[in-house]
Number of protein chains: 2
Amino acid sequence: MSKEAVSGLALCNNAMLRRATRKIGQHYDDVLAPSGLKATQQGLLYQIHVGNEPAMGAIATSLIMDLSALGHTLKPLIRDGYVETFADAADRRVKRVRLTPRGLAKLDEVMKLWQVAQQRFEDVVGKEKAARLRAVLDEIAAVDFNETPAG
Amino acid sequence: MSKEAVSGLALCNNAMLRRATRKIGQHYDDVLAPSGLKATQQGLLYQIHVGNEPAMGAIATSLIMDLSALGHTLKPLIRDGYVETFADAADRRVKRVRLTPRGLAKLDEVMKLWQVAQQRFEDVVGKEKAARLRAVLDEIAAVDFNETPAG
DNA sequence: TCCTGGAAGTGGCATATGCCACTAAATCAA
DNA sequence: TTGATTTAGTGGCATATGCCACTTCCAGGA
């Protein structure tokens, strides 16, 4: 692989983001492995926990995730008894999600491992730099790419 | 979804990275859609193009991607005739990859769209900020999370 | 009240990624 | 040369994500 190959790759925001996501995902997944959960699942359980019995649409919006994708991702967690859903009382179209007692226990377990992964990440990358990175990522996540750029 | 929910999410480097990746991926995918290729495929074609008939392992290493994942991702591209593989002359274990003429033409086509997506991204986010982001992501991609942090 | 349009999810299909077990091929050691 | 070890890929299985078509419901307007 030539030098040009790497530099060319390095110009694409999307490619670099994906590449870094794979890398970091591996790190978090490695550390969380003993729990039997992936980092994506830990994140989702956490999101459900802190949300107040959130509706699926609300979760999807928060995570900037396709609603159907969320449904798919939720299935293994429901199958394994960590999560359960129930219809909203006021609007029967809305399906709300919550952790089961078992899911809550699992979340406690996996969050301990998450702290290890998170700590190691910040030790290696630097707490400041990590915070700045998250801030930029959050900012980007809020952007509307369809809007005409200031003008 | 409460405010706490969002702030909690915002602390996890991995979650924020994934979330931003989904968002940006949607942007690039949207713009590339007329070509019939996803942004991941465009990136892979490009990587194959600039590499000198790269071996699968070399591509996987560059992209920090699992070798088998690369193999899977390559399949649709091979099926559609954009890419072909051939055994390395010196080491028969090694499988090299190159674009077909059709693949090269498709790459030309999709790169035009990529430039549009890339440009719009940089217009909205800012050229400087985008460059800094890519630099940080590249740095992180190079980290060894197993190594003890300087000490 | 009835009809129409929009909102919330589901299911199917396809790609993106990873892990693990396994095969083939090259290497190294005895 | 032969047997153990390492390297490069493949295939199967499972999760991660998205798009699209379709169903169910709620909200408004005639």
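The chains referred to below are lettered A, B, ... by the order of the sequence lines, with proteins before strands, and numbering in each begins at 1. Predicted, not measured: the structure shown is a model, and the values here were computed from it.
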| query | If the sugar-phosphate is the primed atoms plus P, OP1 and OP2 and the base is the rest, what is the B/S/- string for nucleotides 16-24 of chain D, using protein heavy atoms under 4.0 Å? | reply | SBBBB----

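- The side-chain contact (heavy atoms from CB on, under 4.5 Å) search around Q115(A) returns none, not counting sequence neighbours.
- Taking atom NZ of residue K75(A) and atom C1' of nucleotide dC13(C), one finds them 13 Å apart after rounding to whole Å.
- At a threshold of 4.0 angstrom between heavy atoms, the contacts of R96(A) with the nucleic acid are absent.
- Rounding to whole angstrom units, CG of residue D80(B) and P of dT15(C) are separated by 8 Å.
- Remark: P34(B) pairs with L113(B) by the side-chain contact (heavy atoms from CB on, under 4.5 Å) rule, at least two apart or across chains.
- Listed by first and then second residue, the side-chain hydrogen bond (donor to acceptor under 3.5 Å, both in side chains) pairs that reach into residues 20-34 of chain B are N13(A)-Y28(B), T21(A)-T21(B), Y28(B)-Q118(B), sequence neighbours excluded.
- Note: CG (L77(B)) to P (dT15(C)) measures 9 Å, nearest angstrom.
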| task | Let me see the working for L67(B) and M56(B) under side-chain contact (heavy atoms from CB on, under 4.5 Å), right down to the final yes or no. | result | CA-CA 7 Å; L67(B) 180 56; M56(B) 291 194 54; 3.9 Å; yes

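- Phosphate contact (OP1/OP2 of dA24(C), side-chain N/O of R92(B), threshold under 4.0 Å): absent.
- Annotation: ring-ring contact (aromatic ring centres under 6.0 Å, His included) contacts of H49(B) (sequence neighbours excluded): none.
- Regarding D88(B), its CG atom lies at a distance of 17 Å from the P atom of dT7(D), rounded to whole Å.
- Legend: residues meeting side-chain contact (heavy atoms from CB on, under 4.5 Å) with A131(A), ordered by chain and number and at least two apart, are R134(A).
- Among the heavy atoms of the strands, none lies under 4.0 Å from G71(A).
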